[in-house]
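Heads up: the structure comes next, in structure tokens.
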4 protein chains.
Amino acid sequence: MKDKIMKESIDLFDSKGFSKTTIQDIVDNIGVTKGTFYYYFESKQELLRDIHLSFIENLLHQQEEIINDKNLNNKEKLYKLVYIIISEIKTSGKSARVFNREIRHLEKDHIDNVNSKRREFRLNFQKVIDEGIREGEFRNDLRSDIVTFAILGMVNRSYSWYNPDGEMSEDEIVNLYMELILNGLTK
Amino acid sequence: MKDKIMKESIDLFDSKGFSKTTIQDIVDNIGVTKGTFYYYFESKQELLRDIHLSFIENLLHQQEEIINDKNLNNKEKLYKLVYIIISEIKTSGKSARVFNREIRHLEKDHIDNVNSKRREFRLNFQKVIDEGIREGEFRNDLRSDIVTFAILGMVNRSYSWYNPDGEMSEDEIVNLYMELILNGLTK
Amino acid sequence: MKDKIMKESIDLFDSKGFSKTTIQDIVDNIGVTKGTFYYYFESKQELLRDIHLSFIENLLHQQEEIINDKNLNNKEKLYKLVYIIISEIKTSGKSARVFNREIRHLEKDHIDNVNSKRREFRLNFQKVIDEGIREGEFRNDLRSDIVTFAILGMVNRSYSWYNPDGEMSEDEIVNLYMELILNGLTK
Amino acid sequence: MKDKIMKESIDLFDSKGFSKTTIQDIVDNIGVTKGTFYYYFESKQELLRDIHLSFIENLLHQQEEIINDKNLNNKEKLYKLVYIIISEIKTSGKSARVFNREIRHLEKDHIDNVNSKRREFRLNFQKVIDEGIREGEFRNDLRSDIVTFAILGMVNRSYSWYNPDGEMSEDEIVNLYMELILNGLTK
DNA sequence: CATGAATGAGCATTCATTCAT
DNA sequence: TATGAATGAATGCTCATTCAT
């Protein structure tokens, strides 16, 4: 039931937004009553936090595997890090959109854990950049923190326009991003 | 008074978010009453739309000047297009954040004009990329529409972390972005 | 201007009802501003009272002429009394509807005069019935007060269905009413 | 609780009128909170519609029994049809007043069903008149639709002056009405 | 005469949350 | 586990009215 509620909530948060979605909406779509919701969640905030945590924790697990893979150089790691974001958008577009859009509606008491994991996700990214600079794979004249913000901004934002059922496959998207990131636009 | 209300609203939408900001909050901070608000705006939605329109129209005007400047090649134009976004974040960070975050709270009846102008803004960007490809300034093996989404995602997102009072100037940011966009990360 | 306001108000009260009609509606339709309204009327209540007074006073004047006409017997007077009501509905249907419908929205401070004139109107009617009974024109086994209520209920209510542009003329309506009132339905 | 709310609302709509009665008034008089009201009714409009429906449906049921009674001729039916209106005013005067006065406050989305039933009520009335004409009980030189409007106007309007605790019983009222309707005022 | 800005009290409605059963 | 009735605080919005100009 808890999963059912989360799944339905993601659907509704995606289509109507967090603040326009009522607990009533959620339970109506499942066919239960509000009491049931409050048996599984203490509050709407807790639900939103759980959705965020579940999403970011999944990403972190995938990240870890890549980062710890000794067979990959940093360019390859970077490729794979980008890949998991796009892949997640493809397979769980709704979750990805909720994750990216509704973060602001998480309030004080429920945001700490989420924020620290988002931060961790970003720093993992940056670590690969730093490592690549040290290894001579990447140029060393650009601040890695800003580069990380730049790449994440670019890639994450795909949730807003990328249509998995459209003409571009996830591979094509990732390849284009990597070309741009690694070699730039100049002819 | 209308301007005063808009200014105060932007402040509050930035700090508390659109849905958590009440009309009462807004007028209390100005020292007038709710009636006054509704004398100048028909609804909270209209206010949000006006904020969006005012922001995007300003950007469009700046874009036009750059695009029509015959003395600039496309690399230079691209540079300047990126610059106005960062510059706007620096001088009107609150507006920029509201513009980027609260778009989802604009509902059916008030979104049309805003959406078409946002689209126009993006297509102007793409036009420069296309032109640069045609002129041989940019490589021709990357889809310009996706490249545009990529660059805009990267640059726009700066609102979320760029602190104008911090150690990096807007020039430095833009230069870093342009290096990455034009030449890439590879050593 | 005062007349213009009253005329427009009657239109709006007729179509939207008193409580749903705002002062703004009224002045918008005339092309002036609210200040103008309050220059001519102290309040919405006063406006409503003036509309009522003007309507009932007009009826009372017509009544008087008939009642004082020494050439008419009481059947003829009754006929004419009914006639003026229908005639008023025909020529000033909107006023008649407002007069009959919105009386309840007249509050304490503005109702006295109106009520006493409505009462006078009814009692004038009853006087003719009484006189007719005394003169032997009408049967004497029916209470004249209730008969008056009955006739007035029947005739006044015409405002709700009588369409002056329809197939029945006012004469035909009045004749039918008088037949019913005087001779009844029995074959 | 729903019944309690309806009952209290009828009281208040009768004494203060629909538009002057607030939801707060209603719930205060019952000793619950506004939330409770909206648990049972979607809107003030829905409440008003339910009040109307409940009143008219009750009348329709009573009508049906009379109309289908094969032991009654049309004069007798007419008598009984008038009787139920007066009887309803006597036992449920408040409902009757609300029903007759506040119909105009029912708006578009909530009026359809009510209007069609009011119409049905009137047409049932007319059917008896028509039948009586065909059977030779009533004269055939008066339009039955107008006669119906006339009788209903006369009888319904009793809500505005008939005091059930006064000197006249409902039988006396109905008898007077029937005398007038059937035999007229002429001596 | 007329305007337009401002008021303030009020109102219907919403909705997350509680809790006895 | 789940329900359904009830809460209460909040919220966007309305509108008759005032008043300085």
Side-chain angles (χ1 to χ4, degrees), chain A residues 1-2 5 18-28 30-48 105 107, chain B residues 1-2 4-5 18-28 30-48 107, chain C residues 1-2 5 18-28 30-48 105 107, chain D residues 1-2 4-5 18-28 30-48 107:
Chain A
M1 176 56 60
K2 197 164 183 172
I5 294 177
F18 175 77
S19 40
K20 283 265 165 190
T21 301
T22 68
I23 306 296
Q24 196 66 57
D25 288 335
I26 296 167
V27 297
D28 280 355
I30 302 183
V32 294
T33 56
K34 280 195 276 200
T36 304
F37 176 89
Y38 282 96
Y39 180 80
Y40 291 102
F41 295 93
E42 281 196 342
S43 65
K44 203 183 172 188
Q45 281 290 311
E46 189 184 290
L47 164 64
L48 184 58
H105 287 115
E107 291 165 27
Chain B
M1 176 54 61
K2 198 164 181 170
K4 222 165 157 186
I5 294 176
F18 176 76
S19 39
K20 282 267 165 191
T21 300
T22 69
I23 306 296
Q24 196 63 57
D25 287 337
I26 297 168
V27 296
D28 281 353
I30 302 182
V32 294
T33 57
K34 273 191 285 199
T36 302
F37 176 89
Y38 283 97
Y39 182 76
Y40 291 100
F41 295 92
E42 283 197 343
S43 65
K44 203 183 171 188
Q45 281 289 312
E46 189 183 290
L47 164 64
L48 184 58
E107 291 164 28
Chain C
M1 176 57 59
K2 198 164 180 170
I5 293 176
F18 175 76
S19 39
K20 283 265 166 191
T21 301
T22 68
I23 306 296
Q24 196 66 58
D25 287 336
I26 296 168
V27 297
D28 281 354
I30 301 182
V32 295
T33 56
K34 278 192 279 199
T36 305
F37 176 89
Y38 281 95
Y39 181 80
Y40 291 103
F41 295 92
E42 280 196 343
S43 65
K44 202 182 172 189
Q45 282 289 312
E46 189 184 290
L47 164 64
L48 184 58
H105 287 116
E107 292 165 27
Chain D
M1 175 56 61
K2 197 164 183 172
K4 222 166 159 184
I5 293 176
F18 175 77
S19 40
K20 283 265 167 192
T21 300
T22 68
I23 306 297
Q24 196 65 58
D25 287 337
I26 296 168
V27 296
D28 280 355
I30 302 182
V32 293
T33 57
K34 275 193 282 201
T36 303
F37 176 89
Y38 283 96
Y39 183 77
Y40 291 101
F41 295 92
E42 283 196 343
S43 65
K44 204 182 170 188
Q45 281 289 313
E46 188 183 290
L47 164 64
L48 184 59
E107 292 165 28

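Below, read A as the first sequence line, B as the second, and so on, with proteins coming before strands; counting in each chain starts at 1.
A close approach under 4.0 Å does occur between a side-chain nitrogen or oxygen of Tyr40(B) and OP1 or OP2 of dA6(E). OP1 or OP2 of dT13(E) lies within a sub-4.0 Å distance of a side-chain N or O belonging to Tyr38(D).
A donor-acceptor contact shorter than 3.5 Å links the side chain of Gln45(D) to the backbone of Glu107(D). When atom types are taken as modelled, the side chain of Asp25(B) and the backbone of Thr22(B) share a donor-acceptor pair closer than 3.5 angstrom.
The cationic group of Lys44(B) lies under 6.0 Å from the six-membered ring centre of Phe18(B) and within 45° of the ring axis, placing it in a cation-pi geometry.
Closest to the side chain of Tyr39(C), from the set dC1(E), dT14(F), dC15(E), is dC1(E). Nearest to the side-chain atoms of Met1(A) among the listed nucleotides dA2(F), dA12(E), dA6(E) stands dA2(F).
Atom P of nucleotide dT18(E) and atom CZ of Phe41(A) are separated by 15 Å, given to the nearest angstrom.
Each of Phe37(C) and Thr36(B) lies near DNA chain E, and the nucleotide nearest Phe37(C) is the one positioned closer to the 5' end. Nucleotides of DNA chain F nearest to Glu42(C) and Lys34(B) differ in position, and the one nearer the 5' end is that of Lys34(B). For the pair Ser43(A) and Thr21(D), nearest-nucleotide mapping onto DNA chain E gives the more 5' position to Thr21(D).
Rounded to whole Å, the separation between the C1' atoms of dC1(E) and dT21(F) comes to 13 Å.
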